[in-house]
Visitor: 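One structure is given below, represented as structure tokens, and several questions about it will come after.
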Amino acid sequence: MKIATWNVNSIAARLPVVLKWVAEAQPDVLCLQEIKCVDAKFPRDDFARLGYQVETHGQPTYNGVAIVSRFACQEVQRNFPDAEANAQARLLAATIAGIRIVNVYIPNGQAIGADKYVFKLDWMKQLRRFFDTTCDPNAEVLLCGDFNVAPEDRDVHDPQLWQGSVLVSAAERAALEEIKAWGFVDAFRLHHQDGKLFSWWDYRAVAFRRNAGLRIDHIWVSEALAARCKDVVIDKAPRQWERPSDHTPVVAEFE
DNA sequence: ATGGTGGATGGTCCA
């Protein structure tokens with residue numbers, strides 16, 4: 001069972017790259033973030049041809065999440081249960097093959113102290129509450145997506161340069177730990193301890209060639225699911241293809 | 001060097 005997460009930065013712009021990767025990597029489940037399209041415009045036929053069904057939670061222009069799956073999606077949940085009707089589309093959950101999969105696009109936060117930063121910290125609090133109220137920590141639960149936080153300095157190419165910035169600040173890391181304390185482990189860190197292993201590189205300043213990146217895309221698992229986790233891989237290949245996303249897929253393998 | 005690149009959009013906003 002292969003479960004992947006990928007911020008594609010517009011599914012319309014990224015369709016050739018995503019289809020190529022799916023055909024090659026053969027994930028069972030692919031959680032997408034920043035699809036930047038409404039549900040009706042998602043190219044689900046292209047995925048159906050490859051044997052996948054699609055659940056979407058889109059919105060115009062910004063945000064939007066989707067789950068592409070070989071298996072049936074049950075108990076599909078869009079956004080937090082108590083969210084306003086016009087809330088930003090940043091959460092999509094489904095139970096697939098007995099695993100509760102929660103796909104999130106955590107807000108970027110823009111800059112320390114900005115309105116969007118306050119919104120980010122509040123959204124992360126809501127996410128912790130979502131698990132408190134809707135999930136069982138003893139079950140097989142998987143949280144993945146673009147978390148927009150590098151948990152530790154080893155997840156940052158130049159911690160000195162990034163010190164105090166959005167995506168690495170102490171408050172964001174503390175909010176992330178609060179979510180983790182519900183009962184998650186970082187599946188990637190079960191298998192890899194090195195630093196300088198990133199999932200995102202800025203489009204600017206030839207960041208990818210310099211490996212000037214951050215590890216902000218994550219797959220977290222409950223203890224019960226951690227016991228089945230064989231490996232987690234960051235697949236850097238699609239970041240080098242034509243017209244890439246600035247993020248690359250992270251893939252977890254379960255027995 | 002306070003920039004730079006890319007996407008949606010059709011002015012700027014967002015990342």
Side-chain angles (χ1 to χ4, degrees), chain A residues 5-21 30-44 46 56-66 79 86-92 103-124 127 144-151 155-169 171-173 175-176 198-218 234 236-250:
Chain A
T5 180
W6 194 1
N7 178 325
V8 292
N9 184 20
S10 167
I11 190 61
R14 216 63 61 210
L15 191 59
V17 160
V18 175
L19 292 175
K20 180 184 177 191
W21 184 79
L30 172 59
C31 294
L32 300 173
Q33 303 88 38
E34 269 203 285
I35 61 172
K36 291 184 172 176
C37 77
V38 296
D39 294 342
K41 290 217 172 144
F42 193 96
R44 59 189 75 231
D46 293 282
T56 57
H57 181 37
Q59 77 174 73
T61 313
Y62 302 119
N63 311 312
V65 281
N79 264 355
N86 63 345
Q88 297 180 20
R90 294 180 176 276
L91 183 146
L92 179 61
N103 173 23
V104 295
Y105 175 41
I106 293 181
N108 172 282
Q110 194 171 58
I112 306 292
D115 289 349
K116 290 189 178 69
Y117 182 77
V118 175
F119 175 73
K120 177 181 194 173
L121 294 176
D122 181 66
W123 201 92
M124 293 175 81
L127 183 58
C144 70
D146 177 359
F147 290 12
N148 266 316
V149 182
D155 302 313
V156 180
H157 70 95
D158 186 342
Q160 198 88 333
L161 182 70
W162 278 82
Q163 192 166 31
S165 303
V166 74
L167 310 190
V168 308
S169 75
E172 289 163 84
R173 286 174 170 177
L176 200 62
F198 308 129
S199 63
W200 168 85
W201 301 261
D202 202 304
Y203 283 122
R204 298 165 287 189
V206 290
F208 183 73
R209 257 190 284 167
R210 297 186 291 118
N211 197 31
L214 302 176
R215 193 174 70 91
I216 55 177
D217 300 272
H218 304 287
I234 300 175
K236 287 173 74 170
R239 187 62 178 80
Q240 303 167 75
W241 296 348
E242 286 291 312
R243 282 194 85 190
S245 170
D246 44 353
H247 299 250
T248 213
V250 182

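A note on names: the letters A, B, ... follow the listed sequences, proteins ahead of strands, and every chain is numbered from 1.
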Visitor: In whole angstrom, give me the gap between the P atoms of B/dT9 and B/dA15.
Guide: 15 Å

Visitor: Could you work out the separation of B/dC13 and B/dG3 based on their P atoms and round it to a whole Å?
Guide: 16 Å

Visitor: Within the 3.5 Å criterion, strictly below it, is a donor on A/Asn9 or A/Lys36 matched to an acceptor on the partner's side chain?
Guide: yes

Visitor: Produce a footprint string for nucleotides 9-15 of chain B: one letter per nucleotide, 5' end first; B if the base is under 4.0 Å from any protein heavy atom, S if only the sugar-phosphate is, - if neither.
Guide: S---BSS

Visitor: In terms of the angle between their ring planes, are A/His247 and A/Trp200 parallel, tilted or perpendicular, with boundaries placed at 30° and 60°?
Guide: tilted

Visitor: Taking the six-membered ring for Trp, are the ring centroids of A/Trp21 and A/Trp6 within less than 6.0 Å of each other?
Guide: yes

Visitor: With sequence neighbours excluded, what pairs up with A/Pro244 under the side-chain contact (heavy atoms from CB on, under 4.5 Å) test?
Guide: A/Arg239

Visitor: For B/dG4 and B/dC14, measure between their C1' atoms and round to the nearest Å.
Guide: 16 Å

Visitor: In terms of relative ring orientation, are A/His157 and A/Trp162 parallel, tilted or perpendicular, with 30° and 60° separating the classes?
Guide: perpendicular

Visitor: Nearest 0.5 Å, please: how far is CD1 in A/Ile216 from CZ in A/Phe198?
Guide: 11.0 Å

Visitor: Is there a side-chain contact between A/Arg14 and the phosphate of B/dG6, meaning an N or O under 4.0 Å from OP1 or OP2?
Guide: no

